[in-house]
Amino acid sequence: MGLEGAELNLRGKFWESEELIKKWDNEVPWVRIDELNDDLVGKEIQIKGWLFNKRSSGKIRFLIVRDGSGFIQAVMREGYTSPEAFQRYSELSLESAIIVRGEVRKDQRAPGGYELSVKDLILVFKTENYPIGKKEHGIDFLLDHRHLWLRHRKPFAVMRIRHTVVKAIREFFDSRGFLLFDAPILTPSACEGTTTLFKIDYFGDEMFLSQSGQLYAEAGALAYGKVYVFGPTFRAERSKTRRHLMEFWMVEPEIAYATLEDIVELSQELVEYIVQSVLDKNLRELEILQRDVKPLEKVKRPFPVIKYKEALRILDKLGVEYVPGDDFGTPQETAISNYFDKPVIITHYPKNVKAFYMKPDPEEPEYVLCMDMLAPEGYGEIIGGSQREEDYEKLLQRMLEENIPIEPYQWYLDLRKYGSVPHSGFGLGLERTIAWITKSDHVRVTIPFPRMLYRYKP
RNA sequence: UCCGGCGUAGCUCAGAGGUAGAGCAGGUGCCUGUUAAGCACCGGGUCGCAGGUUCGAAUCCUGCCGCCGGAGCCA
């Protein structure tokens, strides 16, 4: 205790006593910035936060205070503000922790609509040499300082929207009778054999970080009818683009007795619900990001749904080159998504470019009952899904064709031996969806601490 | 992994053979409505590292390191 106190004194950064903070707590309500409303106008409150910016015009001094829920301008005026607090303006450095106390005022000039007329303030912690400045910074510097960058306006807005998106996803599935089904993150086998997995030493055994919860979700669907897996996934692909992270979040619904048509419909409902939730709750955040909301307002069902072969005809029309029978690359995806002003769903890809568990189209067995949803504005694939092969023999045959080891997947094949039914599901990439909605230039800004090919600190 | 670009003040950048600059941040003042506020003044540098060319290299060449952008794969 004594030592601790001495240390704090040495640092000389904690300014005011805990007693004063307690006294204020007994005298005035503590209000979060995003809770300010007209009923509080004229009332005295306190805001506990940090100094984000300050400006002075001599006898009138402005503090931009952030408290984690928003930003507000606190105004200090000679004669109104206590002389001690008014004097203290000069020692308030950026990112110092402060508690400001005063009267809520409505003001047309304020970005949030409200201002605080400061009566008094407590300097809780005086920050020195805060590294992030007010001018532009390069992405390298900002990512190195991600732990501090999160405090600033754009990360604040994106994280708030991420929260809304996650909440909307849970509301969507919970209100439709889906059971939340947590798939394991440590898994003994791969899901899609081709992609690379992170290897883990599991007491001498080989294990992997999950790259998809889908196979487990299928077990869940046959147990509980409708489930969704929502969690982090890991891919050790050496990809280095604005659409890739090594660790990202995916929501994967899986539904027994559902066909491709059912999930094509469900995916549209989900994406519409997510976007409309953000438009309902985050107009302030979209404004901070200078995101044009018009394209988002258009995200209403029905979305265009086209088959792979029709997509090829659109590419012909646009003069975009492609290799028939191949999966689409970035140029093709971008061209098709720009052709429409809503998310577009492409179904029935050639069998050989898709995963082994996808069910071939009974009418054209060279194509599979699958769907991809491409986000507008060039954000690429946000959903991939399919109707699954439910026949034991056909699934086994496909696995043998693709040289997939049978033993680790015996449990998965088992699902086709006991009460197998048609079932379908899809995966929605959370970060790509957020990147599109926030019109971010890279998925790395849509997750608090991104994990990328050559960058994984802090 | 491949292709391309960039490393100069704490940060963002200018300088492209002749010996180091600006804005912001920091410091000191001024200003009663600023909103990346403004104005004046002050301090601040192994020009990524190593080697080479040259009378002379931040500048040209080679190698290495770091970062960024794009491709493939995918969500």
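Per chain, numbering begins at 1; letters A, B, ... match sequence-line order.
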Exercise for review: Report yes if the ring of A/Phe248 lies under 5.5 Å from the six-membered base ring of B/A75 with planes under 30°, and no otherwise.
Suggested key: yes
Exercise for review: Tell me what A/Phe141 touches on the nucleic acid: a base, only sugar-phosphate, or nothing, going by heavy atoms under 4.0 Å.
Suggested key: sugar-phosphate
Practice item. Ignoring hydrogens and angles, answer whether the base of B/G69 and the side-chain atoms of A/Lys240 contain a donor-acceptor pair closer than 3.5 Å. Key: yes
Exercise for review: Kindly assign one of parallel, tilted or perpendicular to the pair A/Phe173 and A/Tyr228, based on the angle between their ring planes and the thresholds 30° and 60°.
Suggested key: parallel
Exercise for review: Could you check A/Glu254 against A/Lys226 for salt bridge (charged side-chain N to carboxylate O under 4.0 Å, His left out), going step by step and ending with a plain yes or no?
Suggested key: CA-CA 6 Å; A/Glu254 192 74 31; A/Lys226 297 197 276 189; over 6 Å; no
Check your understanding: Do the side-chain N or O atoms of A/Ser57 get closer than 4.0 angstrom to the phosphate oxygens (OP1, OP2) of B/G38?
Key -> no
**Study point:** Touch class at under 4.0 angstrom, heavy-atom based, for A/Asp327 against every strand present
**Key:** sugar-phosphate
Practice item. Could you check whether A/Glu115 gets within reach of a base, just the sugar-phosphate, or nothing at all, counting any heavy atom under 4.0 Å? Key: base
Review point. Less than 3.5 Å between a donor and an acceptor, one on the side chain of A/His137 and one on the base of B/C11, is that the case here?
Key: no
Check your understanding: Does A/Arg444 put a side-chain nitrogen or oxygen below 4.0 Å from OP1 or OP2 of B/G69?
Key -> yes
Exercise for review: State whether A/Arg455 places a side-chain N or O below 4.0 Å from either non-bridging phosphate oxygen (OP1 or OP2) of B/C68.
Suggested key: yes
Check your understanding: For atom P, what is the distance between B/C41 and B/C24, given to the nearest Å?
Key -> 12 Å
Review point. Hey, does A/Gly58 reach any base, or is it just sugar-phosphate, or nothing, if we go heavy atoms under 4.0 Å?
Key: base
Practice item. Counting Watson-Crick and G-U wobble pairs only, both distances under 3.5 Å, name the nucleotide matched with B/G7, or none. Key: B/C65
Review point. What nucleotide among B/C73, B/C67, B/U32 has an atom nearest to a side-chain atom of A/Lys59?
Key: B/U32
Review point. Base, sugar-phosphate, or nothing for A/Ser56, non-hydrogen atoms under 4.0 angstrom?
Key: base
